[in-house]
Amino acid sequence: MYRDFAYVYDELMQDVDYDRWADHIEKIFNRFAVKPEKIVDLACGTGSITNRLAARGYNMTGVDISQDMLSVAREKARKSGLNVPYIHQDIRSLDLHGPLDAVVCMCDGLNYIIKKDALRQVLCKAREYLKPGGVLLFDISSYYKLSQILGNNIIVDTEGDTNLVWCNSYSDKSQILQMDLTFYVRQGDYFRRFYETHLQRAYKSKELKNLLVESGFSDIALFSDFGMEAPDNNSQRIFFYARK
């Protein structure tokens with residue numbers, strides 16, 4: 001759950017190129033001649049991708065389990081003059097107005113679903129609300145990235161008014177990456193310290209393809225990072241496309 005982190009998230013992620021993310025989503029849509037109108041963005045966070053897609057003319061709805069992240073997303077939409085509904089729900093038990101042309105879930109959203117049965121629930125719910133022929137598009141931080149790049153590593157960011165110490169531990173047995181985050185946020189002459197712990201599961205591509213098939217999806221395609229090539233063992237981000 002993103003709590004205090006929600007209000008400094010965009011500051012810490014200011015180097016992330018969300019326009020590139022939106023471009024890549026559209027590139028994959030175009031690859032399969034998909035022209036969705038009504039899209040739901042699962043685990044939408046602060047709405048950085050949701051709002052960009054809305055600004056490009058898509059009928060967007062954002063869903064997230066964190067009220068704090070949604071509060072930031074709504075304010076960003078308001079300031080941009082966008083009418084984007086943001087809904088507080090657990091994506092494992094969606095209750096939406098369908099049918100939908102597409103469901104997207106970006107920026108590691110499904111890595112946070114750490115149990116396979118729960119992830120199957122998410123996929124089945126997404127399929128339930130899609131039109132026949134509707135598409136699901138999501139990305140993950142790869143097994144390689146979570147287990148080898150981030151796992152058992154410490155990252156320190158001490159630039160600006162929000163500082164972060166990020167201590168990671170990875171378990172081969174559970175495939176779970178535990179991220180213990182310590183924040184130091186400047187408030188006047190002092191820094192306020194707070195903590196959050198986040199868990200992500202390192203899914204292998206084969207596991208996810210099997211879950212998609214079990215959940216009733218077909219025409220499954222995988223793309224490496226932000227290219228259109230198939231992923232390899234060193235790909236750090238993998239995009240999954242599937243059709244109902």
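The residues of the chain are indexed from 1 along the displayed sequence. All values reported here derive from a predicted model rather than from experimental measurement. All values below were derived from every heavy atom in this structure, side-chain atoms included, with hydrogens, water molecules and symmetry-related copies excluded.
- Taking the side chain as every heavy atom from C-beta outward, I113 and R201 never approach each other to under 4.5 Å.
- F29 and V135 make their closest contact through CE2-CG2, 4.0 Å (heavy atoms, listed as atom of the first residue, atom of the second, distance).
- Applying the side chain to side chain contact (heavy atoms under 4.5 Å, CB included) test between L110 and each of I91, L211, L208, D139 identifies I91 as the sole match.
- L136 has its side chain within reach of L212: a pair of non-hydrogen atoms, C-beta onward, lies under 4.5 Å apart.
- V63 and L100 fall within the same hydrophobic cluster, where Ile, Leu, Val, Met, Phe, Trp and Tyr residues are linked whenever their side-chain heavy atoms come under 4.5 Å apart, directly or through other members.
- Between the side chains of H198 and E196, at least one donor N or O sits under 3.5 Å from an acceptor N or O.
- The shortest distance between side-chain heavy atoms of M69 and H88 does not fall below 4.5 Å.
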**Message:** With salt bridge (charged side-chain N to carboxylate O under 4.0 Å, His left out) as the criterion, how do D23 and R20 come out once you've worked through the C-alpha distance, each side chain's angles and the decisive distance to 0.1 Å?
**Reply:** CA-CA 5 Å; D23 289 343; R20 185 187 184 199; over 6 Å; no
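- Between the side chains of T158 and N163, no donor N or O sits under 3.5 Å from an acceptor N or O.
- Shown here for D95 and Y129, the closest heavy-atom pair between the two residues is CA-OH, 3.4 Å.
- Between F194 and F183, the ring planes are parallel. Angles under 30° get that label, and only those over 60° would be called perpendicular.
- Residue pairs that meet the ring-ring contact (aromatic ring centres under 6.0 Å, His included) test with at least one member in residues 30-52, sequence neighbours left out, are F32-Y241.
- Looking at D90 and R92, a side-chain N of the basic residue comes within less than 4.0 Å of a carboxylate O on the acidic one, giving a salt bridge.
- Between the side chains of D68 and S71, no donor N or O sits under 3.5 Å from an acceptor N or O.
- Counting heavy atoms from C-beta outward, T50 and L82 have side chains that stay 4.5 Å or more apart.
- Between E75 and K79 the shortest side-chain heavy-atom distance falls below 4.5 Å.
- Considering only heavy atoms from C-beta on, R52 comes within 4.5 Å of D19 through its side chain.
- Classification of the F138-F240 ring pair by plane angle, with boundaries at 30° and 60°, yields parallel.
- You'll find the side chain of R237 reaches within 4.5 Å of the side chain of S141, heavy atoms only.
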**Request:** Give the C-alpha distance, both sets of side-chain angles, the deciding distance and a yes or no for side-chain hydrogen bond (donor to acceptor under 3.5 Å, both in side chains) between Y86 and D41.
**Result:** CA-CA 9 Å; Y86 282 101; D41 185 8; over 6 Å; no
**Request:** List the steps and the verdict of side-chain contact (heavy atoms from CB on, under 4.5 Å) for Y143 and E207.
**Result:** CA-CA 11 Å; Y143 183 90; E207 288 181 282; 5.5 Å; no
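- N168 places no side-chain N or O within donor-acceptor distance of the main-chain N or O of G151, the cut-off being under 3.5 Å.
- Note that the CG atom of L42 and the CD1 atom of I87 stand 10.0 Å from one another [nearest 0.5 Å].
- Taking the side chain as every heavy atom from C-beta outward, I140 and Q200 never approach each other to under 4.5 Å.
- Checked by atom type and distance alone, the side chain of K244 pairs as donor or acceptor with a backbone atom of R127 at under 3.5 Å.
- Across all non-hydrogen atoms, the minimal contact from C107 to I49 is SG-CD1, 3.6 Å.
- The shortest heavy-atom contact between I28 and F239 is CD1-CB, 4.1 Å.
- Side-chain N or O atoms of R243 include none that pairs as donor or acceptor with a backbone N or O of S218 at under 3.5 Å.
- Of the inter-residue distances, the one linking I176 atom CD1 with L199 atom CG reads 6.5 Å to the nearest 0.5 angstrom.
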